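Predicted model, so just to flag it, every value in this text is computed and none were measured.
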Amino acid sequence: MYRVLICNGTGCQSGGAVSTTETIRKEIEKLSLSDKVAVVPTGCHGMCEMGPIVVIYPEGWFYCRVSAEDAVTIVKEHIAGGKPAEHLMFREPNGKTVHTYKELPFYNRQKRIALRNCGQINPDNIDEYIANKGYEALTKALTQMTPESIIEVVKKSELRGRGGGGFPTGLKWSFCAKTLGLKKYVICNADEGDPGAFMDRSILEGDPHSIIEGMAIGAYAMGADEAYVYCRAEYPLAIKRLRTAITQAEKHGFTGNKILGTNFCFHIHIKEGAGAFVCGEETALMASIEGARGMPRPRPPFPAVSGLWGKPTNINNVETWANIPQIIINGPEWYASMGTEESKGTKVFALTGKVKHTGLVEVPMGIPIREIIMDIGGGILNDKKFKAVQIGGPSGGCLPEEYLDTPVSYEDLTKLGAIMGSGGLVVMDEDNCMVDVAKFFLEFTQRESCGKCVPCREGTKKMLDILTRICDGEGKPNDIEKLIYIGENVKNASLCGLGQTAPNPVLTTIKYFRKEYEEHIFNKKCPAGNCHALLSITITEACKGCGKCKKVCPVNAISGNIKEVHIIDDSTCVKCGACLDSCPFRAIRKM
């Protein structure tokens with residue numbers, strides 16, 4: 001019996017996975033093999049740039065970038081013919097074919113807990129979740145444990161919130177549990193507004209029942225009977241699959257009234273967010289659920305005392321909830337055995353940027369950053385030189401090569417000026433300008449500021465104005481000190497986490513790449529050749545006079561006769577780079 005797993009996450013669907021899935025089904029029916037082959041559309045497998053991904057069990061044969069046409073070949077040659085189609089499998093740079101999941105460093109170096117079912121089951125089929133020990137943890141919690149003992153287990157596991165702050169989950173639960181009140185809420189924060197981040201989306205798309213189960217256990221432990229999943233509306237597939245899962249869970253008696261014959265009642269709702277980054281902050285998120293504008297409020301009172309509609313409320317993010325069932329089943333010692341002294345368990349990262357293998361990875365806490373980028377990620381794209389990694393989303397810090405061996409933990413990253421955040425890892429190479437990178441991330445956080453508090457609203461705008469001026473070649477001698485002064489004040493005086501962390505990209509790039517700032521300001525040069533105002537393009541003596549650059553120049557800034565070295569008129573050149581791309585002799589240089 002073959003089991004054909006086909007990634008149908010958002011990434012793979014955008015690459016044609018729906019067509020690939022239907023083609024495989026049709027071809028199997030044509031060959032009358034339906035009784036011998038199970039076709040299973042799954043969630044994200046993680047290795048996103050290789051999608052659509054097809055994995056065939058029992059052996060675990062791994063096919064990548066499978067088009068509908070390739071799907072026909074796989075069915076005929078592999079499933080019907082018994083001979084794997086090696087030419088459609090992953091190849092290493094040296095040309096070696098990788099046949100199975102287990103052979104890929106991208107997968108075999110991971111430790112999957114939150115992602116345990118992603119890519120392995122059909123997220124629209126509750127029976128597949130149940131077959132993989134789904135809802136066993138909820139059954140155990142409701143029939144064998146007290147609310148107090150559940151919270152103690154979560155405390156002993158030393159699980160910390162995976163949404164960014166890293167607050168101990170069990171302790172947070174205990175605050176809500178101790179607050180008196182007949183009505184309490186639990187919330188799943190699935191807002192995930194970080195550019196390039198897709199951890200929460202992938203879990204919701206690939207394993208929605210794990211979130212429902214985790215939330216039900218938490219609600220029972222804290223005395224809540226109602227829940228909200230706050231998910232950004234830009235995640236339609238995640239919302240669709242979550243709705244299906246909620247309906248199935250209630251039909252099977254895992255949510256609703258008197259769950260599993262007990263007196264525990266639990267109902268889940270979905271609230272679609274409008275995409276405001278600030279709504280990732282818990283008080284702004286609750287305001288949005290209540291129908292108000294998503295803006296943070298001062299604390300205390302904390303949500304555990306007065307949260308949604310003034311009732312005691314607990315908020316955790318998707319990844320945190322996904323860990324709960326496994327901790328209940330396997331015990332707190334099992335979870336606490338992974339990671340570092342103060343940062344236990346695993347962490348999911350969205351690995352993006354100038355790295356060969358982008359995608360979703362889950363690794364034990366304490367793993368060196370180098371291993372994630374160079375081993376799991378395969379190293380820097382096009383074998384260029386590593387320059388920096390921005391860790392922790394748009395409010396994270398940029399770390400240089402000298403810190404690549406830093407363990408991934410809350411404490412170690414904070415010491416360097418970075419944050420764990422929700423798990424974004426953006427890799428940069430020698431072609432990235434760090435001043436421009438800081439400007440890019442600050443543009444995002446400044447635009448997403450709700451404007452409620454002056455330090456964030458005005459401070460981030462002032463910092464952005466200075467960065468823009470520096471990139472435009474108009475930097476002033478005291479601009480670096482101004483950025484540091486304003487940045488520290490924004491961090492210390494802002495109302496919520498958005499403002500408190502927004503200056504991180506600027507402050508860390510100044511700390512570790514100060515010379516680049518100085519080159520921009522004092523020498524009016526961008527070492528990476530990215531800032532157009534500081535860029536000049538020249539044609540070297542290597543020019544053969546082929547004229548290709550002349551043909552593509554949109555402003556006719558290039559002159560010269562055939563077989564003679566051409567010249568660029570710098571006053572006319574708009575620095576678009578078209579000539580650089582067209583030159584077959586690499587005779588054109590950015591200066």
Side-chain angles (χ1 to χ4, degrees), residues 43 114 117 123-126 129-130 134-139 141-142 147 150 154 162-163 169 172-173 176-177 181-192 200-233 235-273 279 282 285-286 288-291 303 307-309 311-325 328:
N117 288 328
D124 285 326
N125 188 341
I126 191 174
Y129 181 72
I130 292 171
Y135 291 109
E136 282 189 14
L138 177 60
T139 303
L142 295 185
I150 293 171
V154 178
R162 295 300 192 247
T169 303
K172 191 175 185 179
W173 285 19
C176 187
L182 295 175
K183 184 68 178 181
K184 296 181 182 180
Y185 296 95
V186 294
I187 296 174
C188 175
N189 183 349
D191 188 53
E192 193 168 58
D200 294 351
R201 186 196 76 200
S202 294
I203 295 174
L204 287 173
E205 289 179 0
D207 193 18
H209 285 285
S210 68
I211 310 305
I212 296 171
E213 185 174 16
M215 293 181 75
I217 293 168
Y220 174 67
M222 288 176 269
D225 65 352
E226 197 167 357
Y228 282 86
V229 178
Y230 187 92
C231 185
R232 56 196 300 107
Y235 286 176
L237 183 59
I239 291 171
K240 176 177 177 289
R241 288 179 177 170
L242 182 60
R243 288 194 195 283
T244 299
I246 290 172
T247 300
Q248 292 175 342
E250 186 162 4
K251 184 178 179 181
H252 282 70
F254 296 119
T255 62
N257 296 321
K258 296 188 178 296
I259 298 170
L260 298 174
T262 68
N263 290 324
F264 176 55
C265 302
F266 180 62
H267 299 272
I268 301 181
H269 315 284
I270 298 174
K271 169 66 177 180
E272 296 183 37
C279 285
E282 58 184 15
L285 182 153
M286 290 186 294
S288 181
I289 292 177
E290 292 170 351
L308 191 62
W309 287 298
K311 305 299 182 184
T313 304
N314 172 268
I315 303 176
N316 287 120
N317 88 320
V318 171
E319 187 181 342
T320 310
W321 289 119
N323 277 291
I324 297 299
I328 297 299

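Under a 3.5 Å cut-off, the side chain of Arg232 and the backbone N or O of Gly273 do not form any donor-acceptor pair. Lys172 places a side-chain N or O within donor-acceptor distance of the main-chain N or O of Ile315, the cut-off being under 3.5 Å. Here the side chain of Glu213 pairs a donor or acceptor atom with the backbone of Ala137 at under 3.5 angstrom. Judged purely by atom type and a 3.5 angstrom limit, Thr262 has no side-chain atom pairing as donor or acceptor with the backbone of Leu142. At distances below 3.5 Å, at least one donor-acceptor pair connects side-chain atoms of Trp321 with backbone N or O atoms of Ile187. Using modelled atom types, no side-chain atom of Glu205 and backbone atom of Leu237 make a donor-acceptor pair closer than 3.5 Å. At least one donor-acceptor pair under 3.5 Å links the side chain of Thr247 to the backbone N or O of Arg243.
Of all heavy-atom pairs spanning Ile211 and Ala322, the tightest one is CD1-CB, 3.9 Å. The minimum heavy-atom distance linking Asp207 with Ser210 is given by the pair O-OG, 2.8 Å. In terms of heavy-atom proximity, Val186 sits nearest to Met222 at CG1-CE, 3.8 Å. Ala233 approaches Glu272 most closely through the heavy-atom pair CB-OE1, 3.7 Å. Nearest heavy-atom pair across Cys279 and Leu285 is O-CB, 3.1 Å. The minimum heavy-atom distance linking Cys188 with Asn317 is given by the pair SG-C, 4.3 Å.
No more than 12 heavy atoms of other residues, nucleotides or ligands shown are found within 6.0 angstrom of NZ on Lys251.
Ile130 CD1 to Tyr135 OH: the interatomic distance, rounded to the nearest 0.5 Å, is 7.5 Å. We find the NE2-CD1 distance between His269 and Ile246 to be 9.0 Å, quoted to the nearest 0.5 Å. Between atom CG of residue Leu204 and atom CD1 of residue Ile239 there is a gap of 9.0 Å, rounded to the nearest 0.5 Å. In this structure, OH in Tyr235 is found 8.0 Å from OG in Ser202, a value given to the nearest 0.5 Å. Rounded to the nearest 0.5 angstrom, Asn323 CG and Asn316 CG are separated by 10.5 Å. To the nearest 0.5 Å, the span separating OG1 on Thr255 from CE on Met215 amounts to 11.0 Å.
Side-chain contact between Tyr185 and Asp225 is absent, with no heavy-atom pair separated by less than 4.5 Å. Proximity of Thr313 to Met286: side-chain heavy atoms (C-beta onward) are separated by under 4.5 Å at one or more points. For the pair Tyr129/Pro123, no side-chain contact is recorded, criterion being any heavy-atom separation below 4.5 Å from C-beta on. At least one side-chain heavy atom of Asn314 sits under 4.5 Å from a side-chain heavy atom of Trp173. Here the side chains of Asn189 and Val318 are not in contact, with every heavy-atom distance at 4.5 Å or above. With a 4.5 Å cut-off on side-chain heavy atoms, Glu250 and Ile268 do not count as touching. Residues Leu308 and Pro303 have side chains not in contact (no heavy-atom distance under 4.5 Å, counting atoms from C-beta outward).
For the residue pair His267 / Asn257, a side-chain donor-acceptor distance below 3.5 Å is found, with atom types taken as modelled.
Between Phe266 and Tyr220, the ring center distance fails the sub-6.0 Å criterion.
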Step by step, would you call Glu290 with Lys311 a salt bridge (charged side-chain N to carboxylate O under 4.0 Å, His left out)?
CA-CA 12 Å; Glu290 292 170 351; Lys311 305 299 182 184; over 6 Å; no

Show the numbers, then the answer: is there a salt bridge (charged side-chain N to carboxylate O under 4.0 Å, His left out) between Glu226 and Lys184?
CA-CA 7 Å; Glu226 197 167 357; Lys184 296 181 182 180; over 6 Å; no

Check the pair Ser288 / Lys271 against side-chain contact (heavy atoms from CB on, under 4.5 Å), numbers first and verdict last.
CA-CA 9 Å; Ser288 181; Lys271 169 66 177 180; 4.2 Å; yes

Lys258 vs Asn263, test: side-chain hydrogen bond (donor to acceptor under 3.5 Å, both in side chains). Steps then yes/no.
CA-CA 5 Å; Lys258 296 188 178 296; Asn263 290 324; 3.3 Å; yes

Residues Tyr230, Ile289; criterion side-chain contact (heavy atoms from CB on, under 4.5 Å); working and verdict:
CA-CA 8 Å; Tyr230 187 92; Ile289 292 177; 3.6 Å; yes

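For Glu192 and Arg162, the salt-bridge test fails: no basic side-chain N is under 4.0 Å from an acidic carboxylate O.
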